[in-house]
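Working notes, structure below.
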Protein chains: 2
Amino acid sequence: MRLTTKGRFAVTAMLDLALREANGPVTLAGISERQHISLSYLEQLFGKLRRRELVESVRGPGGGYCLARAAHDITVAEIICAVDEPLDATQCGGKENCRDEHRCMTHDLWSGLNRVIYDHLSAVSLGTLIDEHQAKQKRRAEALIDARILKESAGTPAAH
Amino acid sequence: MRLTTKGRFAVTAMLDLALREANGPVTLAGISERQHISLSYLEQLFGKLRRRELVESVRGPGGGYCLARAAHDITVAEIICAVDEPLDATQCGGKENCRDEHRCMTHDLWSGLNRVIYDHLSAVSLGTLIDEHQAKQKRRAEALIDARILKESAGTPAAH
DNA sequence: CCAAACCCGACTGAACCAGTCGGGTTTTTA
DNA sequence: TAAAAACCCGACTGGTTCAGTCGGGTTTGG
């Protein structure tokens with residue numbers, strides 16, 4: 001699993017899509033504008049996302065992209081794997097280049113790390129991200145209201 | 001934290017060093033030969049490792065490198081950070097490029113991932129790797145002995 | 001039919017990786 | 001004191017990926 005801005009762009013774009021697909025297909029031009037990602041680059045990314053069946057496309061005017069599944073069923077790991085192509089073995093491909101005794105030592109280390117990363121990203125779906133963010137917004141809003149009530153009951157104007 | 005073969009080379013080399021430093025400084029030429037890493041490349045890596053005070057150098061004939069601390073006090077995370085230079089912010093540098101509402105959603109995701117990776121690699125030292133590997137070797141040896149005893153007591157030759 | 005949208009392959013400049021090269025400097029030993 | 005062993009260092013290179021561009025399609029609603 002490679003980690004680059006490419007994967008981050010893809011997640012950002014998918015998030016934008018997830019938040020807007022309620023009112024029909026979302027255009028890449030829109031995502032491009034809102035997220036400041038070049039349109040052509042988005043086309044490349046969504047080509048891959050479509051081939052991996054994470055999104056579906058609707059051609060022609062009024063078209064755009066939709067999620068192929070519910071936001072809770074699309075994990076961040078899937079999105080990143082879709083756009084950051086394999087580059088096959090992330091380390092010594094299982095057989096070659098790591099010989100003698102040192103082999104297994106580092107081998108276990110890297111495969112363990114890979115698993116940790118993959119598990120972490122597999123546990124997060126687009127839905128999770130949206131939920132968490134909405135919960136945070138709600139907490140912020142409540143804090144704001146609490147602060148106002150406190151201020152009003154104290155009857156003191158804000159210090160500068 | 002970037003993850004590349006550069007960091008893996010560095011860990012492999014440091015492991016080789018840790019296993020051999022008992023009998024004095026270890027030469028890069030030796031590591032190069034045993035681990036099949038180009039000497040000049042090793043020089044680059046060890047230059048960085050030295051500047052980060054993970055190894056100490058002894059110049060002149062009979063010289064080489066030693067660990068600057070005990071193997072248990074040098075973590076894999078330190079080694080990787082030493083050779084894979086910062087490349088500053090692994091994501092939107094804290095302030096820029098992630099604007100509107102989407103910002104925090106992906107921001108928390110990436111910083112969380114960074115922490116997971118870093119924690120995982122910080123929990124592993126050169127000493128850990130060596131210990132684990134030796135434990136595994138011991139288990140293998142015991143299994144071999146058990147198998148032999150079993151075979152002898154049964155008195156049957158191995159089936160092809 | 002036209003325009004909006006997707007679709008696609010080829011190209012580019014910059015960065016980084018992995019490695020090379022050609023020189024140093026320091027220190028031991030013969 | 002000279003040679004050799006080792007570290008030290010900066011400049012260079014070829015290949016790959018990234019991020020983005022360009023120029024063309026094809027599909028389809030109005």
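Note that the structure is a prediction, hence the values are computed from the model and not measured. Values reported hereafter were calculated over all heavy atoms of this structure, with side chains retained and with hydrogens, waters and symmetry mates removed.
- Within 4.0 Å of B/F9, counting heavy atoms only, lie sugar-phosphate atoms of the nucleic acid but no base atom.
- Side-chain contact of A/H133 with B/D108: a donor-acceptor pair under 3.5 Å is absent, judged by distance alone.
- The side-chain hydrogen bond (donor to acceptor under 3.5 Å, both in side chains) check on B/S32 picks up nothing, with sequence neighbours excluded.
- In this structure, the side-chain contact (heavy atoms from CB on, under 4.5 Å) partners of A/V58, at least two apart in sequence or on a different chain, are A/P25.
- Straight-line distance from the CZ atom of B/F46 to the C1' atom of D/dC8: 14 Å, rounded to whole Å.
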In 5'-to-3' order, the base (B), backbone-only (S) or no-contact (-) status of each nucleotide in nucleotides 21-30 of chain C, using a 4.0 angstrom heavy-atom cut-off, is B--BBBBB--
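- Within the 4.0 angstrom heavy-atom criterion, only backbone atoms of the sugar-phosphate kind lie near B/L28; the bases stay farther away.
- Listed by chain and residue number, B/D119 satisfy the side-chain contact (heavy atoms from CB on, under 4.5 Å) test with B/R115 (two or more places apart in sequence, or in another chain).
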Using a 3.5 Å cut-off and no angle test, enumerate the donor-acceptor pairs between side-chain atoms of residues 42-50 of chain A and protein atoms at least two apart in sequence or in another chain.
residue: A/K48; atom: NZ; partner: A/V83; partner atom: O; Å: 3.4
residue: A/K48; atom: NZ; partner: A/E85; partner atom: OE1; Å: 2.8

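- Across all strands, B/V26 comes closer than 4.0 Å only to sugar-phosphate atoms, never to a base (heavy-atom distances).
- Nearest-nucleotide mapping onto DNA chain C: of B/K6 and A/G63, the residue sitting toward the 5' end is A/G63.
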Considering only distance and modelled atom types, tabulate donor-acceptor pairs under 3.5 Å from the side chains of residues 60-67 of chain A, sequence neighbours left out.
none

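- A/Y65 comes within 4.0 angstrom of the backbone, heavy atoms only, and of no base.
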